[in-house]
Structures are given as C-alpha cells and as structure tokens.
Amino acid sequence: MPDRSRYYLTTAIAYANNQPGLHTLYEVVGSDVIARWHRMCGTPTRFLTGTDEHSVNISMKAAERGLAPREFVDEMVGLFKASEDRLGITPDRFIRTTDPDHVRAAQEMVRRAHRNGDIYLGTYEGWYCPNEGFRAASDLIEDATGFHCPNHPDVPLQWLTEKNWFFRLSAYQDRLERHYAEHPDWVEPEYRRNEMLGFIRQGLEDFSVSREEAGGWGIPFPIREDGSDALLPDGTPDPAAGTIYVWYDALINYITGAGFPDSPDEFARWWPADLHVIGKDIARFHTIYWPAMLWSAGIEAPRKVWIHGWLLVRGERMSKSRGNFLDPNAVVDVLGTDGARYVLLREVAFDRDSDVSWDSFVRRYNADLANDFGNLVNRTVSMAARYLGGERPDPRPADDAPLAARWPEAVARYRERVEGCRLHEALAEFAELVADANRTVDAEQPWVLAKAAREGDPAAGERLRGILGDLVETCRLLGLLVAPFMPSTAPRLLGQLGHDYGYGADGNRGPALLEELRWGAHVGEAGTLGTPEPLFPRLDVDPSAG
RNA sequence: GGCGGAGUAGCUCAGUGGUAGAGCAGGGGACUCAUAAGCCCUUGGUCGGUGGUUCGAAUCCGCCCUCCGCUACCA
C-alpha cells in the first residue's frame, strides 16, 4: 500500500563527461511531469536528479583540457543545469556525487556492508587500458590481434589483477527472488522485470566495489585491508585504501538525496523511494545490485523501478559517442519549452524505444498543439469574446453538457496512466479530449446560433451561451490536466479565460488538482476573457533539418 | 547457443476465434468561429511464409524466414 502522504522519485544521475543530449534529458523531462502531477495533486513531493562525476575517465578528460577534475565537472554541471532549466525541469535537489553529504553516505554504506560481513577482500582481474583503467570485455573491440580499447585502439591492453573489496551479491539470490515474487510490479515494464528475474535465476556473482587507482578522483574507501578506519593521523583519507568503485558511489545518491545519513528524520520520511526512473542500460544495477546493497545496510528497497527505452535515430540508439544526438537547447529553440516537453513525451513511448526526428517533432507539434489544442483555445476565446462580450460564460450543469459527460472517466484514465508511467498514453487521452471538443464546435456551429440570436431568436442566444460556456470550461480543464506536461502554457491559457492559475513555477502551492479538474469547479465566479493569442504558433516544416 | 518478444495500410501502432482498425501522411467535400487551423467523406492492407485445428483464424497449434531484447562488474 503506497504511502500517499508523500512521493519521492528520482532519475538516474547523468555522467558529467560531456554536454547533455536530448536522450539523456528525456527521462528527466518524463520524471519532472510525474513530479509535477503529484505536487499539483497536493502530495508533498521530492524529485531528485543530478550528475555522476567520479571516474578515471573524467579525471583524464579534465587533464586533456588542462583542468582540475572539479573544474571540469563544474563546467559540465553548468551545462546540464542550463539545459534542464530551459526544459522546465524542477528538481527539489540537484545532487552531485561530489557533494560532501553524498561522500559521507557512500562511505557509511560501505561500512555497514562491511560490518554485516557482506564485503570481503578478493582479487579482481580484467583487461586494463593504461589510459582508462579496467575495461569491461563487452566494451572492447576484438580483432585478429586480440582485444583493444575502443578509445585507444593502438595502446596494448594488459591483463591485470588487483586486490579489491567485493560485495557478496551471491548471498542475496533467494531474497531477491522472493522480493520479485512478493512485489510482482516492482520492476516495470513487465518484460524488463522478466529479463531481470531471468538474470537472477542464472545465479549471481559477487561484484567489486573498490579500485586501487582512480586518478585521484573518487570517494576514498573508508576501510583499510586490516579492517581499520582508513584515516591518516591528520584526519584526511588514507589513499592506500583506494576508492569506492561505481555502484557504491553512484547508486547511493538516491538515499543521500533522501537525507541519509545526516538526517535520520528526513530519511525516515522520504525513504523508500516511490519511483526510480532509469534507462535500460543500467537496469540490472538498479533492480538487482541496489536492493541487495540496501538490505545489507538494513534499509528497505525502493518501491518501483521504471525502465524506459531509448531514443533512436533511424533505428540506431541516440548517443554522444555515435554523434547522432540532438541538442536539447536547439529543440527548445524551435518548439519552446512546452512544445519540446510535449513532443518528446508524445513521440517517444515511455516503455520502449522510439524513433525520433526533427520532422516527426515538427509534425507532431503542428498537428497536436498548433492545429488541435492551440486552435481549440483560440477559436473558443475568439467566439466567446465576439458573441458574448468580455465576461466569461459559465458552463452548463454537467448533466446538460455533452462535453462534461466523458470528463470524470477521462481524468481517471489519464491519472492512472501518469501515475503508471505510461506518459505517452496519458497524452493520447488528452488528445482525444481535444478532438472531442473540436468536433463539438463544428457540430454546434456557434456562428449559426450567433446569427440567429442577432436576428432575434432568444432560444438560439441561450444555447449559444451554454455551448460557449461549456467550451470555455473544457479549455480550462484541458489546460490544467496537461499542466504537468506543459507548465508554462497552463497559466497563459487560464489567463485568456480569465481564470487564476494558482500554482507555483514547480507545481507546488496550488489548490488540489483533482478538485480543480471537476466540471464546473468555478461556476458563478466572475472572470473577464483575455485577448485570444495563439498558444502554439504553427511552424513551417524545415525540409533541410534531419 | 539459451531464455523472451515482435513481424497488421506509406509511417507509428491498437486489435487474442465471428464481416480488417486508429493517429499521422495522401485525395475529395461542405462550412467559416479559428493559428489556410477545425469538421465530414475517402484512397490504401492476400494481418511475414507455410501446414493444421475449427462452421469460422490477424487471433489457437506445428514448421520456416526476418528483426529485436536479456545473457555480469561501463560513470
């Protein structure tokens, strides 16, 4: 039974080795929508996103630029924050793995696992690139002469062994299988859950959690080989103890962001997380390693991990290394903040891979936003102002308003889809409501009623007022319904209708959304219609754009 | 190789036994409130192939072809 008194959700933290690509920010946009939905519904919400900043790679990349690692990642983080800001992302905390409380959290987790007997000294061996450190075999290029590092193909790889600490993942196999059985939807979509379960059933191996060398850029391992605290007499970390490796650094951010270990009360309030939104490339680490690491430290597993797919370009994964990625700033330049958010989450299914292109984005923007939704609002406000004057007409009672009939069920379906991470389906529901309203306009032909009224038909005038009142109300409801996706459009839309928009820039501090989404919630309140201005100017298709 | 999934209109997909569907794209029409938008109508598919079960299969079963996901230590 989910705790409805608060909602805590996270994205994966982005590797701060480059400027952000649209494919990286995709899950952040989707998560932001879910966060805003819960905030607007009045649930205290905590939304965490941020950056993963340690690794040999980053220290080398910084060195290439003549920068200290810290200077380098500060610059990258600035780029991430700037792009996220343009996309309307509103984290309650932007966490960095270089934050001091995160360093304490990671070290505390290592200590707990060690105390619990789940961390032991072992030997790690693998291919080692002198430039980058250990490389996974799956990342290497293999040819007739053997394995090569993809980034340094001319540098011979060495097969190295080093003494590392290992986490006893193998001890958690039974508990993991039980957890999957008892919480059948804790990993979604279902086909991902089945893949993870299949992996568990193959048998689990322990994994290493330390490295001897990380270019001086990592969280100091808090324990020496003899089990003593790895501190020098002056209180600084003992470099001989090595650094924490990957997962005991990156994954820990989710509990750091909830207050671990410094604020037990805060942590008790926000943990376990309701939702981790991640990409499929790191599914195993979140759905198998992570719960085991938490259990080892006496902490509950998160309630749900949602695994989204990738953005594809002509069938290939969008990625920085392929060079086929879109710059999120460019997308916002063309489509605007809300246009970019809408198109991204409507064109890309949140549960699987989807092909994207400028053409598909522009087409979707024009069809759904300019032609259907924006134009609906524009024609409604224009007609109401022209035929009835500046005062906002009230909707008819729900029983008399055909447009009201489907509303409660539609809201319920929409809510279920947003809360179930099926964001593209939520927007499909929204689009159907828009289409329904447009059909109503054409069926009722308010311009004909207006003419009849002018010629002295009082019944036509009555009907005209009712129809336009219903349409104005439908626009209000649509704007609020889709506000988590298009937060800057909603206040503009409501402004044109003469309604107040009571929510803050991040969706907090407003009236309970589900109350606002009731047909006729503001009947009887006076309001003045504003000037009709297109919310989404139609775009000319640029045939040269890829 | 093992496990799992998918092949349906130009594109993206829905449809699990009973006369082939939606959105977008294409064509035509009536209207005019509106961002030349909206609305109505419409072109278009031997539902991957093949054999079977059935009165009847996109839908169930067998075989084949093609594609995709997972199959361990990237940050």
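Keep in mind the model is a prediction, meaning the values are calculated, not measured. A note on names: the letters A, B, ... follow the listed sequences, proteins ahead of strands, and every chain is numbered from 1.
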Inset, instruction - Under 4.0 Å between any heavy atoms, over every strand shown, what does A/Tyr387 touch: base, sugar-phosphate, or nothing? Just pick one. - result: sugar-phosphate
Legend entry - Donor-acceptor side-chain pairing of A/His54 and A/Tyr15 below 3.5 angstrom: no
Inset, instruction - Describe the nucleic acid contact of A/Ile58 in one word from base, sugar-phosphate, nothing, applying a heavy-atom distance below 4.0 Å. - result: nothing
Inset, instruction - In whole angstrom, give the distance that lies between atom CZ of A/Arg465 and atom C1' of B/C33. - result: 17 Å
Taking only N/O atoms, report every protein-nucleotides 6-13 of chain B pair under 3.5 Å with atom names and distance.
none

Legend entry - Base paired to B/C39 (Watson-Crick or G-U; both N/O distances under 3.5 angstrom): B/G29
Legend entry - Pairing partner of B/G44 (Watson-Crick or G-U wobble, both distances under 3.5 Å): none
Legend entry - A/His179 ring center near A/Trp186 ring center (under 6.0 Å): yes
Legend entry - B/A20 and B/U66, which share atom name C1', separated by this distance in whole Å: 24 Å
Inset, instruction - Measure from the ring center of A/Tyr124 to the ring center of A/Phe134 and say whether it is less than 6.0 Å. - result: yes
Inset, instruction - Provide, to the nearest angstrom, the distance between the CG atom belonging to A/Asp470 and the C1' atom belonging to B/C33. - result: 16 Å
Legend entry - Interatomic distance where CD belongs to A/Gln202 and P belongs to B/A72 [whole Å]: 7 Å
Inset, instruction - If the plane angle is over 60° it's perpendicular, under 30° parallel, otherwise tilted; pick one for A/Phe285 and A/Trp247. - result: parallel
Polar atoms only, N or O, under 3.5 Å: list the protein pairs with nucleotides 21-23 of chain B and their distances.
none

Inset, instruction - May I ask you to check whether A/Tyr289 and A/Phe207 place their ring centers less than 6.0 Å from one another? - result: yes
Legend entry - Partners passing side chain to side chain donor-acceptor pair (under 3.5 Å) against A/Lys280 (at least two apart in sequence or in another chain): A/Asp353
Inset, instruction - Return the nucleotide paired to B/U16: Watson-Crick means purine N1 to pyrimidine N3 with N6-O4 or O6-N4, wobble means G-U with N1-O2 and O6-N3, both under 3.5 Å. - result: none
Legend entry - Donor + acceptor pair across side chains of A/Thr51, A/Glu53 (<3.5 Å): yes
Inset, instruction - Could you tell me whether A/Leu204 contacts a base, only the sugar-phosphate backbone, or nothing, with contacts defined as non-hydrogen atoms closer than 4.0 Å? - result: base
Legend entry - Euclidean distance, atom OH of residue A/Tyr128 to atom C1' of B/C73 [Å, nearest integer]: 16 Å
Inset, instruction - Nearest-nucleotide wise, let me know which of A/Glu125 and A/Gly374 is further upstream toward the 5' end of RNA chain B. - result: A/Gly374
Legend entry - Minimum-distance nucleotide (side-chain atoms of A/Lys280 versus B/G69, B/C33, B/C31): B/G69
Legend entry - A/Ala68: partners by side chain to side chain contact (heavy atoms under 4.5 Å, CB included), with sequence neighbours left out: A/Glu71
Inset, instruction - Could I get the full list of ring-ring contact (aromatic ring centres under 6.0 Å, His included) partners for A/His102, not counting sequence neighbours? - result: none
Inset, instruction - Determine the Euclidean distance between corresponding C1' atoms of B/C47 and B/G21; express it in Å to zero decimal places. - result: 11 Å
Inset, instruction - Assign A/Tyr245 to base, sugar-phosphate, or nothing according to its heavy-atom contacts below 4.0 angstrom with the strands shown. - result: sugar-phosphate
Inset, instruction - In whole angstrom, give me the gap between the P atoms of B/C61 and B/U54. - result: 16 Å
Inset, instruction - State whether the side chain of A/Arg417 and the backbone N or O of A/Glu425 hold a donor-acceptor pair below 3.5 Å, judged by distance alone. - result: yes
Legend entry - Euclidean distance, atom CE of residue A/Met383 to atom P of B/C33 [Å, nearest integer]: 9 Å
Legend entry - Residues touching RNA chain B, which here means a heavy atom under 4.0 Å, drawn from residues 185-195 of chain A: A/Arg192, A/Glu195
Legend entry - With sequence neighbours excluded, residues passing side chain to side chain contact (heavy atoms under 4.5 Å, CB included) with A/Thr161: A/Thr123, A/Glu125
Inset, instruction - Between B/G45 and B/A22, how far apart are the C1' atoms? Round to whole Å, please. - result: 14 Å
Inset, instruction - Would you mind pulling out the nucleotide paired to B/G56, Watson-Crick or G-U wobble, both distances under 3.5 Å? - result: none
Legend entry - Between P of B/C70 and CD1 of A/Ile282, the distance in whole Å: 13 Å
Legend entry - Nearest-Å distance once atom P is located in both B/A58 and B/U19: 11 Å
If you restrict it to nitrogen or oxygen atoms, what contacts under 3.5 Å exist between nucleotides 43-45 of chain B and the protein, and what is each distance?
none

Legend entry - A/Phe485 six-ring face occupied by A/Arg346 cation (under 6.0 Å, within 45°): no
Table of protein N/O atoms under 3.5 Å from nucleotides 36-42 of chain B N/O atoms:
{"from": "B/A37", "atom 1": "O3'", "to": "A/Asn371", "atom 2": "ND2", "distance (Å)": "3.4"}
{"from": "B/A37", "atom 1": "O2'", "to": "A/Asn371", "atom 2": "O", "distance (Å)": "2.6"}
{"from": "B/A37", "atom 1": "O2'", "to": "A/Asn375", "atom 2": "ND2", "distance (Å)": "3.3"}
{"from": "B/G38", "atom 1": "O2'", "to": "A/Arg379", "atom 2": "NH1", "distance (Å)": "2.8"}
{"from": "B/G38", "atom 1": "O2'", "to": "A/Asp442", "atom 2": "OD1", "distance (Å)": "2.9"}
{"from": "B/G38", "atom 1": "N2", "to": "A/Asp442", "atom 2": "OD2", "distance (Å)": "2.8"}
{"from": "B/G38", "atom 1": "N3", "to": "A/Asp442", "atom 2": "OD2", "distance (Å)": "3.3"}
{"from": "B/C39", "atom 1": "O4'", "to": "A/Asp442", "atom 2": "OD1", "distance (Å)": "3.1"}
{"from": "B/C39", "atom 1": "O4'", "to": "A/Asp442", "atom 2": "OD2", "distance (Å)": "3.4"}

Inset, instruction - In whole angstrom, give me the gap between the C1' atoms of B/C24 and B/U42. - result: 16 Å
Considering only distance and modelled atom types, tabulate donor-acceptor pairs under 3.5 Å from the side chains of residues 372-380 of chain A, sequence neighbours left out.
{"from": "A/Arg379", "atom 1": "NH1", "to": "A/Asn438", "atom 2": "OD1", "distance (Å)": "2.9"}
{"from": "A/Arg379", "atom 1": "NH2", "to": "A/Asp442", "atom 2": "OD1", "distance (Å)": "3.4"}
{"from": "A/Thr380", "atom 1": "OG1", "to": "A/Leu376", "atom 2": "O", "distance (Å)": "2.7"}

Legend entry - Nearest-angstrom distance, C1' atom, B/G27 to B/G10: 14 Å
Legend entry - Residue whose closest nucleotide on RNA chain B lies nearer the 5' end, A/Ser382 versus A/Thr123: A/Ser382
Inset, instruction - Determine the minimum heavy-atom distance between A/Ile278 and A/Ala12, stating which atoms define it. - result: CG2-CB, 4.3 Å
Legend entry - Sugar-phosphate, base or nothing in reach of A/Leu535, heavy atoms under 4.0 Å: base
Inset, instruction - In whole angstrom, give the distance that lies between atom CZ of A/Phe207 and atom P of B/C74. - result: 11 Å
Inset, instruction - Name all residues meeting the side chain to side chain donor-acceptor pair (under 3.5 Å) criterion together with A/Thr97; count only those two or more places apart in sequence or in a different chain, and write none if there are none. - result: none
Inset, instruction - Can you label the angle between the A/His114 ring and the A/Trp165 ring as parallel, tilted or perpendicular, going by 30° and 60°? - result: perpendicular
Inset, instruction - In whole angstrom, give me the gap between the P atoms of B/C13 and B/U71. - result: 23 Å
Inset, instruction - Kindly indicate whether a cation-pi arrangement holds for A/Arg317 with A/Trp310, taking the cut-offs as under 6.0 Å to the six-membered ring centre and within 45° of the axis. - result: yes
Inset, instruction - For A/Asp281 and B/A72, give me the distance from atom CG to atom C1', rounded to whole Å. - result: 14 Å
Inset, instruction - Please identify each residue that fulfils side chain to side chain donor-acceptor pair (under 3.5 Å) with A/His148, with sequence neighbours left out. - result: A/Asp143, A/Thr145
Inset, instruction - Would you indicate what A/Gly198 reaches in the nucleic acid, counting non-hydrogen atoms under 4.0 angstrom: base, sugar-phosphate, or nothing? - result: nothing
Inset, instruction - Taking the six-membered ring for Trp and the single ring otherwise, decide whether the centroids of A/Phe350 and A/Tyr26 are under 6.0 Å apart. - result: yes
Legend entry - Base of B/C73 paired with side chain of A/Ser208 (donor-acceptor, under 3.5 Å): yes
